[in-house]
Amino acid sequence: MGDSLFHGKEKCSKHDHTSGCDSCVCDFFRDLSDDINFCSQNINNFLVIVLKGIGPLSLNGTTDPTLFRFVRYEDRKCCVVLSYEVTTATGTATRNLLVNCKDIIAVTCVQDGDLAAGTFN
């Protein structure tokens, strides 16, 4: 079978974490913290985050997903810190978002501009 996203590690199963962060997505962010790159080592990739019951996360008031970069993961609290760019009166600025990994149901890597080729439903 082909390469696993998790490089042969068994994932998406119950783990012995005292924090209760035992989902596939939490494992994904835990692996990113350990420098395992889901996005095939391409530093120009962004993450699209899909939240339970909401769909792709859009912070700009449109239906276009916000493009995030991974900052850090805190396993004991199941917290993921992501950064994103906003347009300001003087240019652009980087903001951070804190989200519980247990509230995320899917993550996909995209390059800026990829979203024009498809839609998220």
Side-chain angles (χ1 to χ4, degrees):
M1 192 173 247
D3 290 335
S4 168
L5 294 178
F6 301 105
H7 308 283
K9 297 178 186 177
E10 181 179 333
K11 295 294 176 185
C12 301
S13 61
K14 195 72 173 170
H15 294 276
D16 189 24
H17 297 292
T18 57
S19 66
C21 305
D22 56 1
S23 72
C24 291
V25 173
C26 293
D27 285 342
F28 165 77
F29 286 112
R30 186 177 300 109
D31 287 347
L32 281 181
S33 293
D34 293 334
D35 293 328
I36 296 172
N37 194 335
F38 174 74
C39 299
S40 302
Q41 305 299 327
N42 187 335
I43 61 170
N44 295 320
N45 283 327
F46 295 91
L47 300 174
V48 172
I49 304 297
V50 181
L51 295 179
K52 291 178 184 175
I54 295 174
L57 182 56
S58 176
L59 299 178
N60 63 7
T62 71
T63 58
D64 296 332
T66 300
L67 301 179
F68 294 97
R69 291 200 188 272
F70 175 73
V71 176
R72 70 178 177 277
Y73 174 70
E74 175 54 57
D75 192 36
R76 294 185 320 168
K77 301 286 184 181
C78 306
C79 296
V80 178
V81 178
L82 304 165
S83 68
Y84 60 99
E85 299 293 316
V86 295
T87 302
T88 66
T90 59
T92 60
T94 300
R95 303 285 188 253
N96 288 327
L97 175 74
L98 176 68
V99 64
N100 188 319
C101 65
K102 296 189 291 185
D103 294 329
I104 301 171
I105 61 167
V107 177
T108 187
C109 285
V110 296
Q111 290 186 2
D112 197 10
D114 283 355
L115 296 178
T119 60
F120 292 90
N121 294 321

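Computed from a predicted structure; not experimentally measured.
Taking both residues in full, the closest heavy atoms of Cys101 and Val25 are given as O-CG1, 3.9 Å, listed atom of the first, atom of the second, then distance.
Across the pair Cys21 and Cys78, the gap between the SG atoms, which is the quantity tested here, stays under 2.5 Å.
Applying the side-chain contact (heavy atoms from CB on, under 4.5 Å) test between Val107 and each of Ile49, Leu32, Val80, Val50 identifies Ile49 as the sole match.
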May I have the list of side-chain donor-acceptor pairs in residues 81-89 shorter than 3.5 Å, sequence neighbours left out?
{"from": "Glu85", "atom 1": "OE1", "to": "Thr94", "atom 2": "OG1", "distance (Å)": "3.4"}
{"from": "Glu85", "atom 1": "OE2", "to": "Thr94", "atom 2": "OG1", "distance (Å)": "2.6"}
{"from": "Thr88", "atom 1": "OG1", "to": "Thr90", "atom 2": "N", "distance (Å)": "3.3"}
{"from": "Thr88", "atom 1": "OG1", "to": "Thr90", "atom 2": "OG1", "distance (Å)": "3.4"}
{"from": "Thr88", "atom 1": "OG1", "to": "Gly91", "atom 2": "N", "distance (Å)": "3.2"}
{"from": "Thr88", "atom 1": "OG1", "to": "Gly91", "atom 2": "O", "distance (Å)": "3.2"}

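Cys26 SG to Ile104 CD1: the interatomic distance, rounded to the nearest 0.5 Å, is 7.5 Å. Considering CZ of Phe46 and CZ of Phe68, their distance stands at 11.5 Å, rounded to 0.5 Å. To the nearest 0.5 Å, the span separating SG on Cys24 from CD1 on Ile105 amounts to 12.0 Å. Atom CG of residue Asn100 and atom NZ of residue Lys52 lie 8.0 Å apart, to the nearest 0.5 angstrom.
Using a 4.0 Å cut-off between charged side-chain N and carboxylate O, Arg72 and Glu74 make no salt bridge. A salt bridge links Asp75 with Arg30: the closest approach of a Lys/Arg side-chain nitrogen to an acidic carboxylate oxygen falls below 4.0 angstrom.
Partners of Thr62 according to the side chain to side chain donor-acceptor pair (under 3.5 Å) rule, which considers only residues two or more places apart in sequence or in another chain, are Asn60. Residues that satisfy the side chain to side chain contact (heavy atoms under 4.5 Å, CB included) test with Ile54, not counting sequence neighbours, are Leu51.
Following chains of ILVMFWY side-chain contacts shorter than 4.5 Å, one cannot reach Leu98 starting from Tyr73, and the two form parts of different hydrophobic clusters.
Between Val110 and Leu47, every side-chain heavy-atom pair lies at or beyond the 4.5 Å cut-off.
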